[in-house]
Number of protein chains: 2
Amino acid sequence: MDKREQLVSVAQQLFYKQGITATGIDKILAQSGVSKRTLYNHFKSKDELIVAALQRRDKEFMTMLKTAVPRLLKQKYDGATHAGLWAYFDAIDEWINSDKFCGCMFINASAEFPRKSDPIHAICASHKMLVIQFIEQLLVPFQLADSHKVAVQMAILTDGAIVNAHTANQMDAAKLAKMSAQQLLHIYQQ
Amino acid sequence: MDKREQLVSVAQQLFYKQGITATGIDKILAQSGVSKRTLYNHFKSKDELIVAALQRRDKEFMTMLKTAVPRLLKQKYDGATHAGLWAYFDAIDEWINSDKFCGCMFINASAEFPRKSDPIHAICASHKMLVIQFIEQLLVPFQLADSHKVAVQMAILTDGAIVNAHTANQMDAAKLAKMSAQQLLHIYQQ
DNA sequence: CCAAAAGTACACAGATCTGTATACTAATAA
DNA sequence: TTATTAGTATACAGATCTGTGTACTTTTGG
């Protein structure tokens, strides 16, 4: 019933699966069953729709993390305090090996909109910052001297795993990234 | 004078800087000073030109690695046998912080052409395999039990650094990735 | 019930994109 | 020299894309 939500939801799916530039407005209208006039009443351009789709994906992804990590922490590690980070990599692994996986929407979007000044690119950057903050929380039990730096290192492992799975079909990339993380934190813990 | 080479060279630059779908044939023709008919005598479609541009970039990037790594190995590590991998991460760092950097062309291309069956996507995958092989050579001095697995872990760190630099403006990503690599190989060396 | 808000259908402007057709010109090689 | 090859200029077909204009219909709140 909420036409705006329908539009953004369908746009998000199509942009993610087929690329943003490659997805025309008409495809989104056809699949959502909304008229073109309604779209341009809610958004003044395609760019605004792209922004809304990315913001929706941002919320969706963070929600996924915030539910999957506690679930896996309980399932696989009996809720052990330090194991949040392992559960995080397990969650990434689950996602990468699910059929909905098509790379990271924000990495993909910044590939299509490479100019740093582009608002679309800026949204991608701030999403990545949010993920780094999320990781930093999981690092608290390790009592690290510079937990932000380590969080960025974990983010690098994450993005590397995502890209290797998507581009090079390395579907075990998240498992390898998790191993790397465990070995790295073994050092930091000393 | 070699019109084909001019076309592929300009196409590579524009595809890399602006994205592939966003770059029209006409822009490539204008910048290379070649007529449209000549383009379609050499390539039967834009897709073929894309393939040629990616293959050219593949050669260029591998050549860059094969010259930068020995140079940095000598400059910074006095040619120490085991330091090839550190020189490799230094080379990635140099590239990331150069003004020509605009992410990894193959990561970007697979974002725009996500279907695994697409020949363009396949070229991206095989480029990543070449890089992994290159890394594996640098791991020889470490005499690892499973050097391929570690090479993939290094590739994950590399791609993560590239993506974090490009998408999240983390320009020190390669330095952090190098640190991770050094800590990881310290373990593997024991 | 009725007025305002929201949505639909559809035509179309104007730009852009890939690819082709045609007729002419420059270079090259036997 | 002359035939062939390679390239140019340019118009254009046909598709597609974003965005607007207009007239009609549905929904909804007071």
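Side chains included, hydrogens not; waters and symmetry mates left out as well; all remaining heavy atoms used. Letters A, B, ... mirror the listed sequences (proteins, then strands); counts begin at 1.
OP1 and OP2 of C:dC10 both lie 4.0 Å or more from every side-chain N or O belonging to A:Ser35. A sub-4.0 Å separation between OP1 or OP2 of D:dA6 and a side-chain N or O of B:Thr38 is absent.
Atom CG in B:Asp2 sits roughly 8 Å away from atom P in D:dG7 (whole-Å rounding). Atom OH of B:Tyr40 and atom P of C:dT18 are 6 Å apart (whole Å). The nearest whole Å value for the distance from the NZ atom in A:Lys3 to the C1' atom in D:dT27 is 11 Å. Atom NZ in B:Lys36 sits roughly 13 Å away from atom P in D:dT10 (whole-Å rounding). Distance A:Gln6 CD to C:dA6 C1': 13 Å, rounded to the nearest Å. Here the C1' atom of nucleotide D:dG7 and the CD atom of B:Glu5 are 17 Å apart, to the nearest Å.
Within a 6.0 Å sphere centred on NZ of A:Lys17, other residues, nucleotides and ligands contribute more than 12 heavy atoms. Heavy atoms of other residues, nucleotides or ligands lying less than 6.0 angstrom from CG of B:Asp78 number 12 at most. Shown here is B:Lys27, whose NZ atom has more than 12 heavy atoms of other residues, nucleotides or ligands within 6.0 Å.
Here the side chains of B:Lys128 and B:Cys104 are in contact, with some heavy-atom distance below 4.5 Å.
Aromatic pair B:Phe106/B:His127: centroids less than 6.0 angstrom apart.
Near DNA chain C, meaning a heavy atom under 4.0 Å from it, residues 41-54 of chain B has B:Ser45, B:Lys46 in order of number. A heavy atom lying under 4.0 Å from DNA chain C marks none of the residues of residues 17-32 of chain A.
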I would like to know whether A:Lys175 and A:Asp90 meet salt bridge (charged side-chain N to carboxylate O under 4.0 Å, His left out); could you show each step before the answer? CA-CA 8 Å; A:Lys175 291 178 186 67; A:Asp90 292 337; over 6 Å; no
Apply the test side-chain contact (heavy atoms from CB on, under 4.5 Å) to residues B:Trp86 and B:Leu185: give CA-CA distance (whole Å), side-chain angles for both, the deciding distance (0.1 Å), then the verdict. CA-CA 11 Å; B:Trp86 319 145; B:Leu185 281 159; 3.8 Å; yes
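Follow the hydrophobic side-chain contacts under 4.5 Å out from B:Phe89 and you reach B:Leu130 in the same cluster.
Cation-pi contact between A:Arg57 and A:Tyr16: present, with separation from the ring centre below 6.0 Å and deviation from the ring axis of at most 45°.
A side-chain donor-acceptor contact under 3.5 Å links A:Glu48 to the backbone of A:Lys44.
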Please produce a list of atom pairs where a protein N or O lies less than 3.5 Å from an N or O of nucleotides 22-25 of chain C.
none

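A side chain to side chain contact (heavy atoms under 4.5 Å, CB included) with A:Ile123 is found for exactly one of A:Asp118, A:Asp58, A:Leu54, namely A:Leu54.
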